Participant: 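Can you keep this structure in mind? I'll have questions shortly.
Below, read A as the first sequence line, B as the second, and so on, with proteins coming before strands; counting in each chain starts at 1. Quick caveat: nothing in here was measured; it's all calculated off a predicted structure.
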Amino acid sequence: MRELSKAYEPKNYEDEIYKKWEESGLFNPDVCVAKGVTKKNAEPFSIVLPPPNVTGNLHMGHAVMLAIEDVMVRYHRMKGDRTLWVPGTDHAAIATQAKVEKLLMEKEGKTKYDLGRDEFLKRVEKFAKESQDTIINQCKKIGASLDWKRIAYTLDPERNLAVRTVFKKMYEDGLIYRGYRVINWSVKGQSTVSDDELVHVERPGKLYYFKYSKDFPITIATTRPETKLGDTAVAVNPKDKRYKKYIGKKFEIDIGAAGFIQITIISDESVDPEFGTGALGVTPAHSAVDFGMYQKQKAAGNDIGLIQVIGEDGKMTAAAGKYAGMSVLEAREKFVEYLRKNNLLEKEEDIVQNVGTSDRFGDVIEPLPKLQWFVGVEVSFEIGENKLGIKKGAKVTLKQLMQTVVKKKQIAIIPDHFEKTYFHWIDNLRDWCISRQIWFGHQVPVWYKDEKIWVDVEAPDEDGWTQDPDTLDTWFSSGLWTFSTLGYPNFKAKDLKNYHPTSVMETGYDILFFWVARMILMTTYVLGDIPFKTVYLHGLVRDEQGRKMSKSLGNVIDPLDMIAKYGTDATRLSLLAGNTPGNDMKLSEEKIAGFRNFTNKLWNISRFMLMNIDEPKIDVNIPKLKTMTDWWVLGRLHSIIKEVSKNIENFNFSMAGEQLRDFTWGDLADFYLESAKAEGDKSEILNYILNTILKLWHPYMPFVTETIWEEVYGKESMLMIEKFPVSDHQIIIKAITNGSEVDGVIRPLVFSINHAKANKGIDQVKKINILISAGKNENFLKKNIAVIKWLARLEKLEIVQKAEKPDNSLVVVEPWGEVFIDFIGAVDTVKEKTRLEKEIGEIKKYTRNLEIKLANKEFVKNAPKEIIKKEQDKLSDAQDKLNKLKEQLKNI
RNA sequence: GGCCACUUGGCUCAGUUGGUUAGAGCGUUGCAUUCACAUUGCAAAGGUCACUGGUUCGAAUCCAGUAGUGGCUACCA
């Protein structure tokens with residue numbers, strides 16, 4: 001007989017198991033089809049892995065993502081679907097470059113300029129490669145059944161071709177344009193940053209009220225006086241009576257050391273008359289809003305002018321006169337000093353202001369004008385053939401495409417309230433600045449020569465052209481991810497045909513805008529199709545106190561440490577249990593340890609079952625059943641199969657796991673296996689149950705289940721590709737009939753005994769007398785005497801069948817009869833009395849509710865007959881019980 | 001400022017179309033222990049489901065309002 005070791009030691013098995021899976025090639029659906037594991041015409045199920053950044057190690061967030069996706073993938077693979085899970089990594093342009101720059105400085109004291117672009121990029125690539133290897137190994141550690149043959153990288157040649165192809169197409173459709181606009185500039189990073197990469201930080205600031213000069217009639221308010229050197233207009237609300245008379249007037253103002261500025265008074269609806277002085281100094285060069293006003297005026301034929309006073313180095317420009325060369329803060333101080341001295345400063349007010357900082361570089365963003373590449377989200381174009389239900393040739397914008405697919409439910413977002421957030425974001429979306437002044441990334445596929453411009457997939461075949469030095473925002477290539485990984489731009493690629501659109505996009509809600517929205521934008525535009533059918537957004541993993549995990553707080557729980565300590569399965573389970581979509585999850589080491597205990601429990605359950613199985617065989621046929629506990633457990637098992645499948649398919653991963661655990665630990669281990677010990681030969685059914693629960697658990701706990709499977713059924717077989725159990729409704733129905741007495745009789749009996757012992761001041765139960773009153777239960781004891789004996793042994797009881805009620809015994813009334821329990825020691829009558837009174841009170845309340853319900857005409861009229869019947873039965877049962885309890889109370 | 005979510009025993013959370021007397025796990029307390037498992041078993045204590053009102057025969061669940069917490073977002077200069 002085979003026997004398992006006493007406790008499960010994950011590290012003795014995990015690596016070997018993963019190697020076995022990987023070497024089988026069965027993570028690849030093509031191999032599954034070739035080997036006959038999956039049918040050729042099976043339903044496709046595909047996920048592309050949200051590519052981790054090549055900046056370092058995997059953290060708990062990645063582990064959650066991998067665990068959830070692996071559950072889906074393994075479930076669908078076992079279900080027989082043609083299942084593909086594509087791995088990949090993201091070059092994460094700015095993040096990676098910044099990291100390498102930092103390392104370069106720390107280790108060699110050099111900057112990227114010391115190395116030059118080519119050499120620096122080589123270093124970054126080397127770093128990225130190493131990082132990618134680490135990530136791949138870590139994904140394997142987590143048990144992710146990714147098809148490594150298809151691994152992609154956002155910056156590899158295939159993806160680069162996709163990027164260039166899409167860029168060209170968008171340029172030709174007029175969706176990508178080059179424009180001189182106010183953009184978000186990071187002085188520290190020396191690059192533009194998109195709107196989404198800004199982090200708004202609240203900080204105390206000062207609102208200064210001042211006049212440009214003594215003769216200027218309007219006081220304005222600002223938090224940034226230094227930018228006022230670049231003002232070219234003052235905007236007021238057209239309805240504001242105070243300033244109406246000035247609208248359209250021009251002033252030439254001596255602004256002290258900075259020279260003269262021209263100020264035009266303009267009107268704009270967006271100016272709030274209540275805020276500050278109701279007049280706004282317009283700085284077209286250093287505020288996106290003001291730039292908007294500038295463009296509006298210009299379009300109306302009124303060029304108010306634009307003066308850039310802050311440079312890309314964060315210092316004042318020559319246009320700032322004697323302030324030139326000063327830092328922004330220095331200039332602010334000096335200029336305020338000037339205003340104060342000349343009695344132009346009227347008031348200083350302390351306020352809290354929101355400043356935009358760069359997510360990556362951490363510095364305060366300086367809005368300034370620059371010639372950049374943009375994706376126009378409101379430019380309309382003619383859409384081609386598409387699967388979106390839009391007529392070919394219709395005029396649409398990217399914004400509209402993004403809205404329509406979610407509105408029409410072609411893409412479902414889970415949880416659905418994120419749809420609102422999504423729409424809100426799109427409503428406020430501005431053109432997307434896609435060019436970055438960093439070196440690492442997809443270089444903009446545009447070439448210049450003199451005044452000429454060349455936009456194409458390949459460089460012009462002629463000397464003298466220079467490529468645009470900028471690179472593309474990393475999300476540009478990420479946006480193509482679902483199809484660039486499947487063969488695009490080759491439209492004939494098999495994968496693209498077979499697996500696109502993908503089934504599910506599973507990712508964190510924090511990148512809904514960055515990434516999910518952009519994939520929708522890119523895919524609807526490029527392919528005229530959706531990128532995925534469902535978006536499942538998971539929450540963030542936080543520490544025990546609900547704080548974000550961060551190195552500086554020292555509260556990071558490293559998934560790999562946990563895997564080393566408690567095993568992968570326990571770690572995965574702890575991330576899946578209690579994790580509901582869109583909600584953050586608190587994680588503690590204790591939780592993981594708890595699931596380690598469960599892993600071991602499953603191991604020992606299997607160990608016990610194996611010891612009682614004569615001849616393990618992979619057999620899906622339901623064996624002959626002998627006792628009602630067999631029927632009962634089979635019925636429970638099939639209900640669980642049904643529930644688990646349903647819940648996985650509905651993305652309720654936590655609930656499916658919980659149900660499985662409750663069944664395995666509560667019903668199977670604590671009850672059925674205990675009774676099985678007493679009932680004797682169970683070889684066949686134990687084999688069947690073991691078989692089934694290993695399959696059910698496999699998506700959640702791949703390693704321990706595969707290990708047990710191998711130990712039980714031999715190394716040749718592989719659980720990973722076994723067929724997921726299918727619940728049989730007939731079995732459930734039959735089991736309810738044949739096994740109901742387990743729930744109705746045996747378990748209440750266990751409960752009664754324990755309850756009597758614990759609650760009534762009894763030292764020890766001596767004897768149990770069972771009187772079965774209902775006729776159909778006459779055979780119950782005969783059939784299940786073994787289980788009763790087991791109970792007796794467990795409780796050290798003596799069983800007397802059909803006895804008379806002895807003196808001093810306690811009577812427990814159950815719907816099926818009465819149990820008399822004899823005790824050594826006295827019954828605490830006071831305690832017992834209060835208990836009975838409490839119970840009677842509760843049952844009274846219960847019966848009253850039932851009576852009200854049955855008295856309700858509408859209920860009687862509308863409810864189905866079976867339900868009314870059921871309710872009536874409940875009522876009569878409750879009344880009977882009530883009477884019996886009352887009698888008991890009298891007897892005390 | 002706008003929007004969104006959350007509020008259930010000491011802690012972490014379930015609770016899927018409103019329907020038995022609201023459930024787990026951890027923790028606490030008591031009891032057990034040669035048995036597959038101390039990474040165990042059996043039990044107990046602990047909740048007016050944030051608050052107020054409404055709809056309903058019936059509300060943790062639906063509606064309105066209040067309070068608190070968290071998040072996203074923003075062109076109050």
Participant: Please work out which of the three classes, parallel, tilted or perpendicular, describes the rings of A/Phe653 and A/Tyr536, given edges at 30° and 60°.
Facilitator: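 Rings of A/Tyr536 and A/Phe653: perpendicular, over 60°.
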
Participant: Sticking with atom C1', work out how far B/A45 lies from B/G10, rounded to a whole angstrom.
Facilitator: 12 Å

Participant: Report the base-pairing partner of B/G18 (Watson-Crick or G-U wobble, both distances below 3.5 angstrom), or none.
Facilitator: none

Participant: Taking a pair as Watson-Crick or G-U wobble with both distances under 3.5 Å, which nucleotide is matched to B/A5?
Facilitator: B/U69

Participant: Would one find a side-chain N or O of A/Asn597 under 4.0 angstrom from OP1 or OP2 of B/U40?
Facilitator: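 So the side chain of A/Asn597 is within the cut-off, an N or O lying under 4.0 Å from OP1 or OP2 of B/U40.
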
Participant: For B/A14, take OP1 and OP2 only and decide whether either is under 4.0 Å from a side-chain N or O of A/Thr580.
Facilitator: yes

Participant: With the side chain of A/Ala669 defined as its heavy atoms from C-beta on, choose the nearest nucleotide among B/A14, B/A36, B/G41.
Facilitator: B/A36

Participant: What is the distance, rounded to the nearest whole Å, between atom CZ of A/Phe663 and atom C1' of B/A24?
Facilitator: 17 Å

Participant: Cut-off 3.5 Å, no hydrogens considered: what does the side-chain donor-acceptor table look like for residues 573-587 of chain A, sequence neighbours left out?
Facilitator:
| residue | atom | partner | partner atom | Å |
| --- | --- | --- | --- | --- |
| A/Ser574 | OG | A/Ala570 | O | 3.4 |
| A/Ser574 | OG | A/Thr571 | O | 2.8 |
| A/Asn579 | ND2 | A/Leu575 | O | 3.1 |
| A/Thr580 | OG1 | A/Asn583 | ND2 | 3.0 |
| A/Asp584 | OD1 | A/Tyr509 | OH | 2.9 |
| A/Asp584 | OD1 | A/Leu540 | N | 2.9 |
| A/Asp584 | OD2 | A/Tyr509 | OH | 3.3 |
| A/Asp584 | OD2 | A/Arg542 | NE | 2.6 |
| A/Asp584 | OD2 | A/Arg542 | NH2 | 2.9 |

Participant: Reckon A/Arg224 touches a base, only the sugar-phosphate, or nothing at all at heavy-atom distances under 4.0 Å?
Facilitator: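 Answer is nothing: A/Arg224 stays at 4.0 Å or more from every strand.
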
Participant: Tell me the interatomic distance from A/Met611, atom CE, to B/C35, atom P, rounded to whole angstroms.
Facilitator: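 The answer, rounded to whole Å, is 10 Å.
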
Participant: Without hydrogens or angle criteria, can the side chains of A/Ser270 and A/Asp268 be said to hold a donor-acceptor pair below 3.5 Å?
Facilitator: yes

Participant: Taking CG from A/Asn650 and P from B/U17, how many angstroms apart are they, rounded to a whole number?
Facilitator: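 Interatomic distance, CG of A/Asn650 to P of B/U17: 12 Å.
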
Participant: Establish whether the base of B/C37 is bridged to the side chain of A/Lys601 by a donor-acceptor pair shorter than 3.5 Å.
Facilitator: yes

Participant: When the P atoms of B/U66 and B/G58 are considered, how many whole Å apart are they?
Facilitator: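 Here B/U66 and B/G58 have their P atoms 26 Å from each other.
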
Participant: So does A/Trp665 get a side-chain nitrogen or oxygen closer than 4.0 Å to the phosphate oxygens (OP1/OP2) of B/G41?
Facilitator: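 Checking A/Trp665 against B/G41: at least one side-chain N or O falls below 4.0 Å of OP1 or OP2.
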
Participant: Indicate whether the side chain of A/Thr664 and that of A/Trp697 have a donor and an acceptor atom separated by less than 3.5 Å.
Facilitator: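 On atom types as modelled, these side chains qualify, holding a pair under 3.5 Å.
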
Participant: Among B/G41, B/C4, B/U39, which nucleotide sits nearest the side chain of A/Lys420?
Facilitator: B/C4

Participant: For A/Gln353 and for A/Thr599, find the nucleotide of RNA chain B with the closest heavy atom, then tell me which residue's nucleotide is more 5'.
Facilitator: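 First, find each residue's nearest nucleotide; the 5'-ward one identifies A/Thr599.
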
Participant: Taking the side chain of A/Phe608 as its heavy atoms from C-beta onward, which of B/A36, B/A77, B/C75 lies nearest to it?
Facilitator: B/A36

Participant: Can a donor-acceptor pair be found, under 3.5 Å and without considering hydrogens, that links the side chain of A/Asp240 to the backbone of A/Arg242?
Facilitator: yes

Participant: OP1 or OP2 of B/C75 less than 4.0 angstrom from a side-chain nitrogen or oxygen of A/Arg430, does that happen here?
Facilitator: yes

Participant: Can you see whether A/Gln659 engages A/Asn647 through a side-chain donor-acceptor pair at a distance of less than 3.5 angstrom?
Facilitator: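 Note: A/Gln659 and A/Asn647 side chains meet the donor-acceptor criterion.
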
Participant: In whole angstrom, give the distance that lies between atom CD of A/Glu589 and atom C1' of B/G27.
Facilitator: 17 Å

Participant: Tell me: CG of A/Asp416 to P of B/A5, nearest whole Å?
Facilitator: 9 Å

Participant: Are the charged groups of A/Arg224 and A/Glu226 less than 4.0 angstrom apart, N to O?
Facilitator: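 Result for this pair is yes, salt bridge flagged.
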
Participant: With a 4.0 Å cut-off on heavy atoms, is A/Ala577 in touch with a base, just the backbone sugar-phosphate, or nothing at all?
Facilitator: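 Answer is nothing: A/Ala577 stays at 4.0 Å or more from every strand.
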
Participant: Which whole number of Å gives the distance between the P atom of B/C62 and that of B/U8?
Facilitator: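 My reading of the P atoms in B/C62 and B/U8 gives 16 Å.
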
Participant: Please give, in whole Å, the distance from B/U39 C1' to A/Asn12 CG?
Facilitator: 15 Å

Participant: Would you say the side-chain atoms of A/Asn184 and A/Asp195 include a donor-acceptor pair closer than 3.5 Å?
Facilitator: yes

Participant: When we call it a touch if two heavy atoms are under 4.0 Å apart, what does A/Asn428 touch: a base, just sugar-phosphate, or nothing?
Facilitator: nothing

Participant: Taking the side chain of A/Asp662 as heavy atoms from C-beta outward, which of B/C76, B/A24, B/A36 is closest to it?
Facilitator: B/A24

Participant: Name the closest nucleotide to the A/Ile351 side chain, picking from B/A36, B/A77, B/A24.
Facilitator: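 Nearest nucleotide to the side chain: B/A77.
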
Participant: Starting at the 5' end of RNA chain B, which residue's closest nucleotide do you reach first, A/Arg542 or A/Met585?
Facilitator: A/Met585

Participant: How long is the span from the OH atom in A/Tyr700 to the CZ atom in A/Arg572, to the nearest 0.5 Å?
Facilitator: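 The OH atom of A/Tyr700 sits 10.0 Å away from the CZ atom of A/Arg572.
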
Participant: Would you classify A/Lys6 as touching base, sugar-phosphate or nothing, given that sugar-phosphate means primed atoms plus P, OP1 and OP2, and contacts are heavy atoms under 4.0 Å?
Facilitator: sugar-phosphate

Participant: Can you tabulate the close N/O pairs, meaning under 3.5 Å, that link protein atoms to atoms of nucleotides 9-11 of chain B?
Facilitator:
none

Participant: Considering only atom C1', compute the distance from B/U17 to B/U61 and round it to an integer number of Å.
Facilitator: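 Nearest-Å result for B/U17 against B/U61 at atom C1': 11 Å.
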
Participant: Could you tell me how far B/U21 sits from B/U48 if I compare only their C1' atoms? Round to whole Å.
Facilitator: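 That atom pair is separated by 15 Å.
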
Participant: Grab the CZ-P distance between A/Arg607 and B/U40 for me, whole Å please.
Facilitator: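 Atom-to-atom, A/Arg607 to B/U40, this comes out as 15 Å.
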
Participant: Among B/G25, B/G41, B/U73, which nucleotide sits nearest the side chain of A/Phe513?
Facilitator: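 Looking only at heavy atoms from C-beta outward on A/Phe513, the closest nucleotide is B/U73.
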
Participant: Check this for me, if you would: do A/Asp231 and A/Lys228 make a salt bridge, where the nitrogen-to-carboxylate-oxygen distance has to be below 4.0 angstrom?
Facilitator: yes

Participant: Name the nucleic acid region contacted by A/Asp510, choosing base, sugar-phosphate or nothing; use a 4.0 angstrom heavy-atom cut-off, strictly under.
Facilitator: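 A/Asp510: no heavy atom of the nucleic acid under 4.0 Å.
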
Participant: Look at the side-chain N and O atoms of A/His424 and state whether any lies under 4.0 Å from the OP1 or OP2 oxygen of B/C72.
Facilitator: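 It does not, given that no N or O in the side chain of A/His424 lies less than 4.0 Å from OP1 or OP2 of B/C72.
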
Participant: Between B/U12 and B/C57, how far apart are the C1' atoms? Round to whole Å, please.
Facilitator: 37 Å

Participant: Across the strands shown, which category fits A/Ala288 at heavy-atom distances under 4.0 angstrom: base, sugar-phosphate, nothing?
Facilitator: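 Result for A/Ala288 = nothing.
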
Participant: Let's test this: given Watson-Crick or G-U wobble pairing with both distances under 3.5 Å, identify the partner of B/A24.
Facilitator: B/U12

Participant: Ignoring hydrogens and angles, does a donor from either the side chain of A/Glu674 or the base of B/A36 sit under 3.5 Å from an acceptor on the other?
Facilitator: yes

Participant: Compute whether any side-chain donor of one residue and acceptor of the other, for A/Glu349 and A/Tyr208, lie under 3.5 angstrom apart.
Facilitator: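 A/Tyr208 and A/Glu349 do not have a side-chain donor-acceptor pair below 3.5 Å.
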
Participant: Taking the side chain of A/His200 as its heavy atoms from C-beta onward, which of B/C72, B/C75, B/A77 lies nearest to it?
Facilitator: B/C75

Participant: Let's test this: given Watson-Crick or G-U wobble pairing with both distances under 3.5 Å, identify the partner of B/A43.
Facilitator: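 Pairing partner, where one exists within any strand: B/U29.
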
Participant: Using atom C1' of each nucleotide, how far apart are B/C49 and B/G9 to the nearest Å?
Facilitator: 10 Å

Participant: Work out how far the P atom of B/C6 is from that of B/A14, and round it to whole angstrom.
Facilitator: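 That atom pair is separated by 10 Å.
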
Participant: Who is the Watson-Crick or G-U wobble partner of B/A64, with both distances under 3.5 Å?
Facilitator: B/U52

